Amino acid sequence: MTTKRMLVTAALPYANGHIHLGHLVEYIQTDIFVRFQKLRGRRCIYICADDTHGTAIMIRARQEGRPETELIADMQAAHQRDFAGFDIAFDHYGSTNAPENYELCKEIWAKLRHQGLIREADVEQLFDPVAGTFLADRFVKGTCPVCKSPGEYGDNCSKCGATYSPSDLIDPVSTLSGATPEKRSAQHLFVQLEMLHPFLDTWTQSGNHLQDEVANYLKGHFLGKPLRDWDVSRPEPYFGFAIPDSPGNYWYVWFDAPVGYIASTHQWCKLHSERLDDWWRNPETEIHHFIGKDIAYFHTLFWPGVLHASGFSLPTFVHIHGFLTVDREKMSKSKGTQVSAAKYLEHLDPSYLRYYYASKLGPRLDDIDLNLAEFAAKIDSDLVGKVVNLASRTARFVESLGLAQEYPHDGGLFAAGAAAGSKIAEAYEQVDYARAMRLIMELADAANAYVENTAPWTLKKDPNQQVRLQEVCSVVLNLFRQLCVYLAPVLPRLADGCGRLLQSEIRSWQDSQTPLVGTSVSKFEHLMQRVDPGKVQQMIEESKDQTPVTVPNATVPASVAVAETTPAPDEPLQLEPLAPTCTIDDFAKVDLRVARVIKAEEVPEAKKLVKLTVSLGGDVTRTVFAGIKAAYTLQQLEGRLVVIVANLQPRQMKFGLSEGMVTAAGPGGTEVFLLGVDSGAKPGQRVH
RNA sequence: GGCGAUGUAGCUCAGUCGGUUAGAGCAACGGCUUCAUAAGCCGUGUGUCGGUGGUUCGAGUCCACUCAUCGCUACCA
């Protein structure tokens, strides 16, 4: 049973950064899905837009000294250029900062109000008096209130994992201005998601709208208890839409972003004389969202809740994919593996990446790995060596003859390939592109074996075999064309090239079911080049440290900015910027003492902690818990001198009272480096 | 810390409802071929299916525990 219409979206890229290879997993995956549906004759549109609102955009525009609208316009142009370069063919690409979006937000908001889903409450939040804005978690840094690790963000601690609110941080600092934030209270508006709980239970757990593991995740983690209210407003200043019935408040970017799916569709409708209701309020329309697993919560709970409450259609399916790693590691700017779309296109053919991703993408949430060696090998072997080679080794023989008038006997090869079409289509339909590619390559193998067995190069030499030569080449070129049809959703350029070669455009999946006869054959030209490993290398090299992380704005004391060269983004100074200037008196408040570790004990239940008993000389001892379990053995610790913060307020921890802090450098985990003192120092001596 | 996953050949991955001797591609090795972009064809696999224990006539598959790896973590569980 197929519906009349199909609406497909990919997540809206945020206007604060450029598209990179990680983003492209999603846009390519979605594009393949849409192209497949269209090839199959479905009425299908691919809708996307730039996500433009929020504090980050406001701050960045301020730093760049220009209006937000200018910033987001530039970024949108860049995004659309990148997508076009990868043959990602949106039917419409809009922006969340559009009048259509504002109107829809108002409409949805009114419905939520009307149903009593909105409540108001005061929220105490940190406010940056210099930048004049409230501070989101990520814009506050300070010392973790639990483990006392410095330089942690306002939401949770990367060292001990504790979660807290920004106002719990010790000595919080605004990363925008370096100022000390103050607490301010402001009215916020909340969606009472719990009221939609019964609906969400049903929608997520039945009807097959989600991958199983996603449904399980939601059930196990969110749906087993009351759903939290969702804070959907932000006080001014904010770059976004003002909430009509709540002066001084704006919709949080995450409120209006998904509405952008509808708004962008609306824009498309206006351009094509279509009715929005046919696409968003009609059971004859399927809606498919493609997203990454990081934003699963919004698309599987909040968004369906909002759609339900405001009378729009619910997604037929939310397809969630994993992340991209490069050579098994998280993309890294310093290693050059965070490659921008634009940089890739300077060096390599977009078809390579489309095919490589297709060959790795399955229907599940697994992360996919871009293995650079495999990347080249796969393209060379599958596409150049197997598929394109079919044309390459036969087309020249029939340039003057064209294809046979009648499709010759081929031992059932074409028919078998045609029959495989339904399995391939099924794999595409299930977003199991990896399986589809495997099935297609099996056909390519069979076709190459046919070339081997019929040996057209031998036939060519025998004047009596010219008819047979034409027959054999007609078979091979038809098998090649069949493969191109199956690959067309992934490789539109190859399909076009095939159309030019055989002088018959590939328009439909059905083209795979009937052989082509009697057409002439164009002069053969290479349809795809082998991967030049040098270019891959060059792309990686040029991606290293391309964009230094934006340094906090100009209100940072000048002394901070004296470094001659900007440190690489992964370098320590960049990861943890210098704290604001403190006075000698400030420093004197911290009493650092030399201490000797007299006992180091295992804390079996603790993952990171070691219990240390340290001597400050004489019989003064302190018990200190230190998060260095992964970096030091007990033997290494016992007897050595360390530097401790001796006047730190004692902290009750899970395993006992910690009466100080051992000083160390490094990011944590196994990379912790205790401070030592040169020999001669005595326990109890103060560090000045 | 919480949660979600993953672990099968050198690499990337299939493996349905538990059912013979666990598969494919790539890589490697041997042979053939020379039309083709150093492409193609044929052949070659002694894998503690991460580990331990359990259920079963039978476990890669189900259960428990465990180790390792990865990811997510909202104004936050």
Side-chain angles (χ1 to χ4, degrees), chain A residues 123-126 134-138 140 146-147 154-157 159-167 188 190 193 213-214 216-218 220-222 224-234 252 254 292-298 301-302 320 322-323 325 328-330 356 359-360 362 364-369 371 373-378 380-386 388-397 432 434-435 437-439 441-442 444-445 447-461 469 472-473 476 524-531 606-608 654:
Chain A
V123 170
E124 197 168 70
Q125 213 182 347
L126 292 178
F134 282 93
L135 294 164
D137 292 2
R138 303 300 289 182
V140 187
V146 178
C147 75
D155 47 359
N156 73 323
C157 176
K159 300 293 189 302
C160 73
T163 56
Y164 40 75
S165 82
S167 52
H188 282 234
F190 294 83
L193 207 54
E213 54 265 59
V214 177
N216 289 341
Y217 165 63
L218 297 175
H221 202 59
F222 298 106
K225 56 192 168 207
L227 293 165
R228 294 168 42 84
D229 292 347
W230 206 51
D231 186 348
V232 292
S233 75
R234 293 294 181 274
Y252 178 41
W254 260 111
K293 63 187 178 182
D294 52 330
I295 54 176
Y297 173 88
F298 295 101
L301 293 177
F302 184 74
I320 306 183
F323 288 130
T325 54
R328 278 280 168 201
E329 288 180 32
K330 209 169 189 172
Y356 184 78
S359 75
K360 304 283 268 191
R364 304 211 299 164
L365 282 82
D366 303 340
D367 290 344
I368 73 168
D369 185 49
N371 178 315
E374 189 200 18
F375 172 79
K378 214 171 184 96
D380 290 351
S381 164
D382 288 0
L383 295 184
V384 182
K386 285 180 184 171
V388 170
N389 197 27
L390 289 169
S392 181
R393 63 198 305 204
T394 53
R396 285 188 185 91
F397 296 150
D432 194 350
R435 193 156 68 87
M437 296 307 108
R438 276 198 302 276
L439 291 167
M441 287 311 136
E442 277 177 27
D445 285 340
N448 273 302
Y450 177 85
V451 177
E452 199 69 22
N453 293 332
T454 50
W457 57 92
T458 313
L459 299 173
K460 187 187 139 203
K461 291 169 190 159
L469 175 66
V472 164
C473 291
V476 176
F524 181 76
E525 47 192 60
H526 285 172
L527 294 164
M528 196 176 289
Q529 306 302 317
R530 298 170 62 78
V531 177
K607 203 167 153 184
K608 298 174 182 171
K654 192 175 172 187

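Everything numeric in this text was worked out from a predicted model, so none of it was measured.
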Just to be sure I understand the rule, does M441(A) reach a base, reach only the sugar-phosphate, or reach nothing, if contact means heavy atoms closer than 4.0 Å? nothing

Please identify each residue that fulfils salt bridge (charged side-chain N to carboxylate O under 4.0 Å, His left out) with R435(A), with sequence neighbours left out. D432(A)

Pairing residues for R438(A) by the salt bridge (charged side-chain N to carboxylate O under 4.0 Å, His left out) criterion, not counting sequence neighbours: none

Base, backbone or nothing for each nucleotide of nucleotides 28-35 of chain B, written B, S, -, heavy atoms under 4.0 angstrom, 5' to 3'? -----SSB

Is the distance from OP1 or OP2 of A14(B) to the nearest side-chain N or O of R438(A) less than 4.0 Å? no

Taking the side chain of N389(A) as its heavy atoms from C-beta onward, which of G40(B), U37(B), C11(B) lies nearest to it? G40(B)

On a whole-Å scale, what distance lies between the P atoms belonging to G15(B) and G54(B)? 29 Å

Give the rounded distance in Å between these two atoms: CD of E374(A) and P of A9(B). 15 Å

Side chain of R228(A) only, please: which of C75(B), C41(B), U37(B) is the nearest? C75(B)

If you look at every strand shown and take non-hydrogen atoms under 4.0 Å, does L527(A) touch a base, only sugar-phosphate, or nothing? base

Protein-nucleotide distance (D382(A), atom CG; G25(B), atom P), rounded to Å: 11 Å

Using the P atom in both, what is the distance from A22(B) to U34(B), to the nearest Å? 39 Å

Within this structure, what is the CG-to-C1' distance between D380(A) and C26(B), rounded to whole angstrom? 12 Å

Please check this pair: side chain of D229(A) against backbone of F190(A), looking for a donor-acceptor N/O pair closer than 3.5 Å. no

Span that lies between the C1' atom of U56(B) and that of G18(B), in whole angstrom: 9 Å

Minimal heavy-atom distance between M528(A) and V384(A), with the atoms involved, is O-CG2, 4.2 Å

How many whole angstroms separate atom CZ of R435(A) from atom C1' of U16(B)? 11 Å

Output the rounded distance in Å from CE (M437(A)) to P (G25(B)). 17 Å

Provide the distance between the two P atoms, one in C70(B) and one in A64(B), to the nearest whole Å. 25 Å

Can you check the L193(A) CG to C75(B) P distance for me, whole Å? 14 Å

So, is K386(A) close to the C26(B) phosphate, meaning a side-chain N or O under 4.0 Å from OP1 or OP2? yes

Please work out if D231(A) contacts a base, only the sugar-phosphate, or nothing of the nucleic acid, heavy-atom cut-off 4.0 Å. base

Below 4.0 angstrom from OP1 or OP2 of C75(B), is there any side-chain N or O of Y252(A)? yes

Would you mind reading off the distance between D445(A) atom CG and G25(B) atom P, rounded to a whole angstrom? 7 Å

For a quick check of understanding: with a heavy-atom distance under 4.0 Å over all strands, which category does K378(A) fall into, base, sugar-phosphate or nothing? nothing

Listed by chain and number, what are the ring-ring contact (aromatic ring centres under 6.0 Å, His included) partners of F298(A), not counting sequence neighbours? W230(A), W254(A)

Taking for each residue the nucleotide of RNA chain B with the nearest heavy atom, is it N371(A) or A377(A) whose nucleotide lies nearer the 5' end? N371(A)

Looking only at atom P, what distance separates C62(B) and U20(B), rounded to whole Å? 16 Å

Where the side chain of H526(A) is concerned, which of U37(B), C13(B), C11(B) is the nearest nucleotide? U37(B)

Base-paired stems in RNA chain B, each at least three Watson-Crick or G-U pairs under 3.5 Å: B:1-7 with B:67-73, B:10-13 with B:23-26, B:28-32 with B:40-44, B:50-54 with B:62-66

Between OH of Y356(A) and C1' of U12(B) the distance, given in whole Å, is 7 Å

Tell me the closest heavy-atom pair linking K386(A) and N448(A), and the distance in Å. O-ND2, 3.2 Å

H188(A) and D231(A): which non-hydrogen atoms are nearest, and at how many Å? ND1-OD2, 2.7 Å

Closest approach to the side chain of R530(A), judged atom by atom: which nucleotide of U37(B), C11(B), C26(B) is it? U37(B)

What's the spacing between L469(A) CG and T458(A) OG1 if we round to 0.5 Å? 10.0 Å

In whole angstrom, give me the gap between the C1' atoms of G2(B) and A14(B). 33 Å

Could you tell me which residues satisfy ring-ring contact (aromatic ring centres under 6.0 Å, His included) with F134(A), sequence neighbours excluded, listed by chain and number? F127(A)

Using a cut-off of 4.0 Å on non-hydrogen atoms, how would the nucleic acid contact of Y297(A) be classed: base, sugar-phosphate, or nothing? base

If you measure from the C1' atom in G51(B) to the same atom in A68(B), how many Å do you get, rounded? 10 Å

For V214(A), answer base if it contacts any base atom (sugar-phosphate contacts may also be present), sugar-phosphate if it contacts only those atoms, and nothing otherwise; contact means non-hydrogen atoms under 4.0 Å. nothing

What one should report as the nearest heavy-atom pair of A434(A) and S359(A) is CB-O, 3.4 Å

Tell me whether the guanidinium CZ or amine NZ of R234(A) lies under 6.0 angstrom from the six-membered ring centre of Y252(A) and within 45° of its axis. yes

C1' atoms of U44(B) and A24(B), separation to the nearest Å: 16 Å

With a 4.0 Å cut-off, would you call D369(A) and K360(A) a salt bridge? no

